[in-house]
Amino acid sequence: METRFLGIPELAEAPSVAVVVDVMRAFTVAAWAFARGAEKIVLAESPEDALALKARHPGWMALKDGPPAPGFDAVNSPGMLRSADLAGRTVVQKTTAGTVGALAVREASLVLCAGFVVAEATARVLRTRACDRVTFVVTGEGGQADEDLACAQYIALRATETGTEAAGFLKRAGESRAAAELAGGVRQGVHPDDVALCLELDRFPFAMVATSEDSLMVLRPTMPSPGPGR
């Protein structure tokens, strides 16, 4: 499998297969939303778009980065979301990096959104679909976020070498600037358990696939086909 690792600004053209990685915290939050019963997640272009979507669909809920804000139901924190009852709900998500990265590759034939919590399921999709060329979108810090790059590199190796050990990659993520900022209270809308939750390897058995539905980019969970184990 041929792989490349690009930041959002480096995406000159739509790849055929894209894995968009945001460990801290967009796609960890998305995975928790599905685990708490959400049916789908709509990836919004802007906070204004998120609120407009919610206004058109009163049953939908909206979340974003940062502190609580009028009109939004939740913030982008796995620690805060893990106790929510989202059974059957549609969540509209807008974040600084993760949702931006997914929307940037919306023309790809396959778009997977990932973090460590769904790493093995994501790698299994790549294995079972025999993807020849995969672009990993490292969303944080203009492509320099080490937690996202570490996760992307781990998934890439797992897609071809199922015996790959995760410890070194998780250590890098835990020592990243994003982890330090979350743990140190630099960022707003943070739960004390957020970093630990973002570093839970394979917490969930599903992968997350984003597709265009009625002009919206919609993320849904998918169970990968059975394939080689670890």
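- Grouped with Leu216 in one hydrophobic cluster are Val42, Leu53, Trp60, Val92, Val218, the linkage being side-chain heavy-atom contacts under 4.5 Å among Ile, Leu, Val, Met, Phe, Trp and Tyr residues.
- Linking ILVMFWY residues whenever their side-chain heavy atoms come closer than 4.5 Å, directly or via other members, places Leu149 and Phe136 in the same cluster.
- Between Ser176 atom OG and Glu141 atom CD the span is 7.5 Å, to the nearest 0.5 Å.
- Val118 and Val125 end up in different hydrophobic clusters when Ile, Leu, Val, Met, Phe, Trp and Tyr side chains are linked at under 4.5 Å.
- Classification of the Phe116-Tyr154 ring pair by plane angle, with boundaries at 30° and 60°, yields tilted.
- The heavy-atom pair separating Pro70 from Leu51 by the smallest distance is O-CD1, 4.2 Å.
- The minimum heavy-atom distance between Glu10 and Phe5, with the atom names listed, is OE1-O, 4.5 Å.
- One hydrophobic cluster, built from ILVMFWY side chains closer than 4.5 Å, holds both Val29 and Met208.
- Met80 and Val195 end up in different hydrophobic clusters when Ile, Leu, Val, Met, Phe, Trp and Tyr side chains are linked at under 4.5 Å.
- With salt bridges taken as basic N to acidic carboxylate O contacts below 4.0 Å, one links Arg220 and Glu213.
- Between Phe27 and Ala102 the shortest heavy-atom distance is CZ-CB, 4.4 Å.
- Using a 4.0 Å cut-off between charged side-chain N and carboxylate O, Glu45 and Arg106 make a salt bridge.
- The nearest pair of heavy atoms linking Leu103 to Leu43 is CD2-O, 3.9 Å.
- Neither side chain, Thr95 nor Asn76, offers a donor N or O lying under 3.5 Å from an acceptor on the other.
- The existence of a salt bridge linking Glu48 and Lys94 is excluded, since no basic side-chain nitrogen approaches an acidic carboxylate oxygen closer than 4.0 Å.
- A perpendicular orientation is assigned to the rings of Trp32 and Phe204, their planes being inclined by more than 60° (bins at 30° and 60°).
- Counting only distance, with no hydrogens or angles, the side chain of Thr28 and the backbone of Met24 share no donor-acceptor pair below 3.5 Å.
- Under a hydrophobic clustering in which Ile, Leu, Val, Met, Phe, Trp and Tyr are joined whenever their side-chain heavy atoms come within less than 4.5 Å, directly or via other members, Val117 and Leu63 fall into the same cluster.
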